[in-house]
Amino acid sequence: MCQQLRPQTTIPKVISHNNDVHVYNWIWPLPIPVAILLLSLLPTSCYLNRGYTVWFHLLSIIYLLTQLKFIRKVLILQGIGICLGWYAAIATDWFVDNTFCHTLYRNMPESIMFYMIKEDESSYIILNTDTAIAMKILSHVLDTVGHPGLAYLFYRLHSNEFRIRTNDDDNSRSIWRDILSWEVIVTAWHLSRIWSMVHNYYNFGEVKLWYYGHDIYKLNNLNAYFIAYVVEGLCFVVAILYRLHWDRNDSDTEKNRCIENIVSVEDKPPKLVHSESAVSTTSLV
């Protein structure tokens, strides 16, 4: 009796693919201690006598390596504080010292600043050649991408993930409530102060919460630091006030819920209790 021949089908091998995915998941994201250890291998010139925005970018690298949501929240608040302080300092130079974005141009990388500025030990001149204008435009593009652009990117990543997780498409208040937790506020504030303390100790041998000096930024005067610190502080004050407001609303909501539960229990009529002894006595009669 002839057996019906079935066409042989080849089963695709997915073992290697699965192994690649497993290896990929094992390598990335990294544990936070490993990511910090990798950054510690960088030369000290990458983080000492470097602006607070550089620390913001280094923390962004840590987030890229670890994908921790908490770090992303800290970066959002940190980025907002940096942008407000930085642009407040630039605005002060513009309106008070009549030097439009000189602080930005003077603190760009040497390869870009070379074409924009001619300076000596006591003074400097902002050039207006075609190349200088092109470099100024590039400076504004890099500044926009590296500060508000990066902060907005982190916000969009968090808001998209939050909406998918909560199935909430419109409630931006809930997103900010999720971002501005006490842990995030405290961490972002301490990170700013740690930057100041490190550079005060590194340059002056003192530990202070706010840094003032010419070792990091090229400035006409140190008023820019004061303006930046004040505006950054106001940013944290607003975050704290919103957090207190939300916590108070949550507390009031919980109290109202407890009161409603108590009232609903008291308003219920008493239940009739079925007595077996009464039934048995009636049956005997």
Sub-3.5 Å donor-acceptor pair from the side chain of T99 to the main-chain atoms of D93, do we have one? yes
Whether W28 side chain and L64 backbone form a donor-acceptor pair below 3.5 Å: yes
Ring geometry between F56 and F154 (parallel below 30°, tilted from 30 to 60°, perpendicular above 60°):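 If you compare the ring of F154 with that of F56, the planes turn out perpendicular.
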Where [X] and [Y] come nearest, the two heavy atoms and their spacing:
X    : Y    : result
C83  : P148 : SG-N, 3.4 Å
I179 : I76  : CD1-CD1, 3.9 Å
S192 : E232 : OG-OE2, 2.9 Å
I216 : Y211 : CD1-CE2, 3.7 Å
L84  : C235 : CD1-CB, 4.0 Å
I71  : I62  : CD1-CG2, 3.7 Å

Between K218 and E110, is there a side-chain N and carboxylate O pair less than 4.0 Å apart? yes
Would you mind checking if D178 and R165 are paired as a salt bridge, meaning a charged N to carboxylate O distance below 4.0 Å? yes
Tell me if the centroids of the rings in W176 and F162 come within less than 6.0 Å of each other.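 No, the ring centres sit 6.0 Å or more apart.
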Are L222 and Y202 grouped together when hydrophobic residues (ILVMFWY) are joined by side-chain heavy atoms under 4.5 angstrom apart? yes
Criterion side-chain contact (heavy atoms from CB on, under 4.5 Å) against V74, the qualifying member of L68, V184, V186: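 Only one of L68, V184, V186 forms a side-chain contact (heavy atoms from CB on, under 4.5 Å) with V74, namely V184.
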Is it the case that atom CZ in F70 sees more than 12 heavy atoms from other parts of the structure closer than 6.0 Å?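 Counting neighbours around CZ of F70, more than 12 heavy atoms of other residues, nucleotides or ligands fall under 6.0 Å, so yes.
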Stepwise ring-ring contact (aromatic ring centres under 6.0 Å, His included) test for H140 and Y105: CA-CA 9 Å; H140 287 284; Y105 303 147; 5.6 Å; yes
Relative to F236, does R243 satisfy both conditions: NZ or CZ under 6.0 angstrom from the six-membered ring centre, and within 45 degrees of the ring's axis? no
If you apply the rule ring-ring contact (aromatic ring centres under 6.0 Å, His included), what do you find for Y212 with F204, and how did you get there? CA-CA 10 Å; Y212 288 90; F204 310 118; over 10 Å; no
Could you check D143 against H147 for side chain to side chain donor-acceptor pair (under 3.5 Å), going step by step and ending with a plain yes or no? CA-CA 6 Å; D143 178 59; H147 298 140; 2.6 Å; yes
Stepwise, does the side chain to side chain donor-acceptor pair (under 3.5 Å) test hold for N221 with D97? CA-CA 10 Å; N221 54 67; D97 299 330; 3.3 Å; yes
